[in-house]
There are 2 protein chains.
Amino acid sequence: MPKKVDHDERRRLIADALMRVAAEQGLEAVSLRHVAAAAGVSAGMVQHYFRTKDEMMSFALSAVSERSEARVRVAVGALGADPPPRALLRTMIAALLPLDDAAREDGRVALAFLAYTAVRPAASAELHPSTAEFVHFIARQLPSGEIRQATGLLALMEGLGVYLLGGQYEAEQALDALDAHLDLLFGAPAPDRTAKPGWEFRTGLASSNTPSIELADEPDRVERR
Amino acid sequence: MPKKVDHDERRRLIADALMRVAAEQGLEAVSLRHVAAAAGVSAGMVQHYFRTKDEMMSFALSAVSERSEARVRVAVGALGADPPPRALLRTMIAALLPLDDAAREDGRVALAFLAYTAVRPAASAELHPSTAEFVHFIARQLPSGEIRQATGLLALMEGLGVYLLGGQYEAEQALDALDAHLDLLFGAPAPDRTAKPGWEFRTGLASSNTPSIELADEPDRVERR
DNA sequence: ACCGATGCATTGCAGTCGTATTGGAAAGAG
DNA sequence: CTCTTTCCAATACGACTGCAATGCATCGGT
């Protein structure tokens, strides 16, 4: 076997470029040549690593979900062992929201993919079970244990993400709404409003080295066709 | 003045075709020729009624929001005068959710536009005030009157819409989650779960849609990039 | 040392895109 | 009837698209 390039590293490099293009110009501006230019490579190379455009899109899509998953992992990890359920939920959700400019950019890509897959039903098929899983996980953290409430909480997160991206809500507004909702679910007094550490965005690995993706939606979104 | 065609009717006809194309193939499949074919007219005619593609998109975008607005009006109208706040909110929100196949189709278009405008910030600018207005209206219906809760409820609606479109939630699930949330907000027992006929759903995605888009058309200049 | 697989750049091709232009049919106004 | 304005079809054009094909340099295995 000749040469010695890390195949997967190249693919990630290209996928990163794709997300950069998609974030600032939309998915429809994503073409082989555009992505290649953004990545600083030749169009031929892109073709070499992705035999078809769909394959490239598919890879980028899964990269998006992987990245957001990693963000949640980091944020939760910073919480320490056995955090109280409410803090755990708040941390996870906050980690998934596009709260700052960088995350907003990433969220735009996720939103674009969301619309993209809405037309290709096969794409999001395998994501349903993971959503359902997440709902059950949330339900287990709730005092009531009610699935219906968990379903609503997840939807609330998604909606906050959408409005944050649209610019209708400010970051603080969104977090206020989230806390108000958690107040209802936990039948609780306001939590300690000061302590918001525990979820520093972009600490550690994640997006430090590469500009790219994270998402306002739920973890896991994979396409395949 | 020769001929006598209803200018606006033609434009609506074309916009309808556009929405049909966008619903089943995505916004990126929307081209002058495609839309023309879907509308059963010549491409030249489309060009005659919309001098530029952006103008056509802009018109279609406002058509989407108009339609969902009308649905809410119809649904609320069917409630009679002075409905209890909870019923009013539930009706309005349910009217905005893509609960059946037809509404799902429309919702897909709205979602596509949402992603579309995310890249063109000027487009959604004038929608912020209307969202804020809606939030205040919701708050007025709530027992607590809390803005933060209203903010959350609106977000919950949007999220339910997204998940319904994605297929992660079923219609019944979404309505259950909505009712559960209303239970929390109204501190109430379950409402009468039976009465759901009387009105048809058919809606676009939440208030994501908004009138008009980016550049105001000046007579002679056309900008393109 | 040679061979053959791999990495990658270049080019060509058929197709679609948005838009400008042109020309003719239709129809109220004089 | 003859204008004159509107409606709309047809075509041309340049830019762009995804993809296949080609060619060459570079290396590892033998």
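Naming: A, B, ... by sequence-line order, numbering from 1 per chain.
- In terms of phosphate contacts, B:H34 brings a side-chain nitrogen or oxygen within less than 4.0 Å of OP1 or OP2 of C:dC17.
- Whole-Å rounding puts the B:Q47 CD to C:dT21 P distance at 11 Å.
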Given side-chain contact (heavy atoms from CB on, under 4.5 Å), test B:R33 with B:V46 step by step and report yes or no.
CA-CA 8 Å; B:R33 292 176 242 260; B:V46 174; over 6 Å; no
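- Atom CG of B:L32 and atom P of C:dG15 are 20 Å apart (whole Å).
- Interatomic distance, CG of A:L153 versus CD1 of A:I138, reported as 5.0 Å (0.5 Å rounding).
- Taking atom CD of A:E28 as the reference point, atom P of C:dG18 lies 10 Å away to the nearest angstrom.
- In this structure, the NE2 atom of B:H48 is 15 Å from the C1' atom of D:dA10, given to the nearest Å.
- In this entry the distance linking OH of B:Y49 with P of D:dT6 reads 12 Å, nearest Å.
- Taking atom NZ on A:K53 and atom P on D:dG18, their separation rounds to 4 Å, with Å as the unit.
- Within the structure, every side-chain polar atom (N or O) of B:R10 is placed at least 4.0 Å from both OP1 and OP2 of D:dC7.
- A sub-4.0 Å separation between OP1 or OP2 of C:dC8 and a side-chain N or O of A:S42 is absent.
- Remark: C1' of D:dC24 and CE of A:M45 are 17 Å apart, rounded to the nearest angstrom.
- Atom CZ of B:F50 is separated from atom P of D:dC7 by 13 Å (rounded to the nearest Å).
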After noting the C-alpha distance and the side-chain angles of A:L18 and A:M57, does the key distance pass the side-chain contact (heavy atoms from CB on, under 4.5 Å) rule?
CA-CA 8 Å; A:L18 188 157; A:M57 298 291 267; 4.2 Å; yes
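- A salt bridge links A:R11 with A:E55: the distance from a Lys NZ or Arg NE/NH1/NH2 to an Asp or Glu carboxylate oxygen falls below 4.0 Å.
- Using a 4.0 Å heavy-atom distance criterion, A:V30 is classed as a sugar-phosphate-only contact.
- With hydrogens and angles left out, the side chain of A:R33 and the base of D:dG18 share a donor-acceptor pair within 3.5 Å.
- Comparing A:A29 and A:R51 against DNA chain D, the residue whose closest nucleotide sits nearer the 5' end is A:A29.
- Close to C:dG18, at under 4.0 Å from its OP1 or OP2, lies no side-chain N or O of B:T52.
- Side-chain nitrogen and oxygen atoms of A:S31 include at least one within less than 4.0 Å of the OP1 or OP2 phosphate oxygen of D:dT17.
- The aromatic rings of A:F113 and A:Y116 sit perpendicular to each other, their planes meeting at more than 60°, with 30° as the lower class boundary.
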